[in-house]
Amino acid sequence: MGRAKTQKTRAKGAVNGRRMVYRLKLHKGAIVTALWLLYLCCIAAPKAFGDDAEAARIRARVKALPMTEKVRLTNDQWRRILTPAQFFVLREAGTEPPFKNEYWNNHEKGIYVCAACGNELFGSNTKFESDTGWPSFYQPLAQDKILVLADNTGGMRREEVRCARCGSHLGHVFNDGPAPTHLRYCLNSVSLKLKTTKEH
Ligand code: FE
């Protein structure tokens, strides 16, 4: 009788032990979920909204500047308002892939503005088929819209084209374009935004 009672007590103890482990696991799961929710509500979400608000403030500041004034932002501020692809080309003088960009084969009429600051740069009436896979123009809307600088990077001697208002990289200019200028402004689509019009 005594032995049977002991076995019964042990079995009961084992069941209680399993229940305890199960409860502990439940507690652990609840704690992890609670911590995750806390992180989302108190850290991640406010940071994302804060970043958006800061980006909106910077964009509004740039938009409010007269077109005759230069745009000067820090790299951190540019990073907030540009996409990673735009930042790489506009602010780090990168190059996008040929034929896999927005405007190389675009024939809409309009004004191409700087994607970083909105400065009006090139008209579609000077865009031509260069077969390079990048949008190409034979002249800017006005010479003071752009800056042309010597570029000796990558073991090549080229002339870099930048936006005169914000200093962003647009592309390069070469001496093999069509008449009347015989220049080829070879630009990155990601550096530009087309504002469609009936003219140009
Ligand atoms: Fe610009």
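Whatever order the structure lists ligands and atoms in, that order sets their numbers, starting from 1.
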(request) Indicate whether the side chain of R91 and that of S168 have a donor and an acceptor atom separated by less than 3.5 Å. (result) yes
(message) Please give me the minimum heavy-atom distance between N101 and G133, naming the atom from each residue.
(response) ND2-O, 2.8 Å
(message) Could you report the tightest heavy-atom contact between E160 and A93, atom names first, then the distance?
(response)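 Distance-wise, the nearest heavy atoms are OE2-CB, 4.3 Å.
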(message) Please tell me whether W104 and F99 form a close aromatic pair, meaning their ring centres lie under 6.0 Å apart.
(response) yes
(request) Let me know which of Y112, F128, Y185, F174 forms a ring pair (Phe, Tyr, Trp, His ring centres under 6.0 Å) with F137. (result) Y112
(message) Check for me: within less than 2.8 Å of the Fe ion (ligand 1), which protein N/O/S atoms show up?
(response) C114 SG, C117 SG, C163 SG, C166 SG
(request) Look at atom NZ of K193 and say whether more than 12 heavy atoms of other residues, nucleotides or ligands are closer to it than 6.0 Å. (result) no
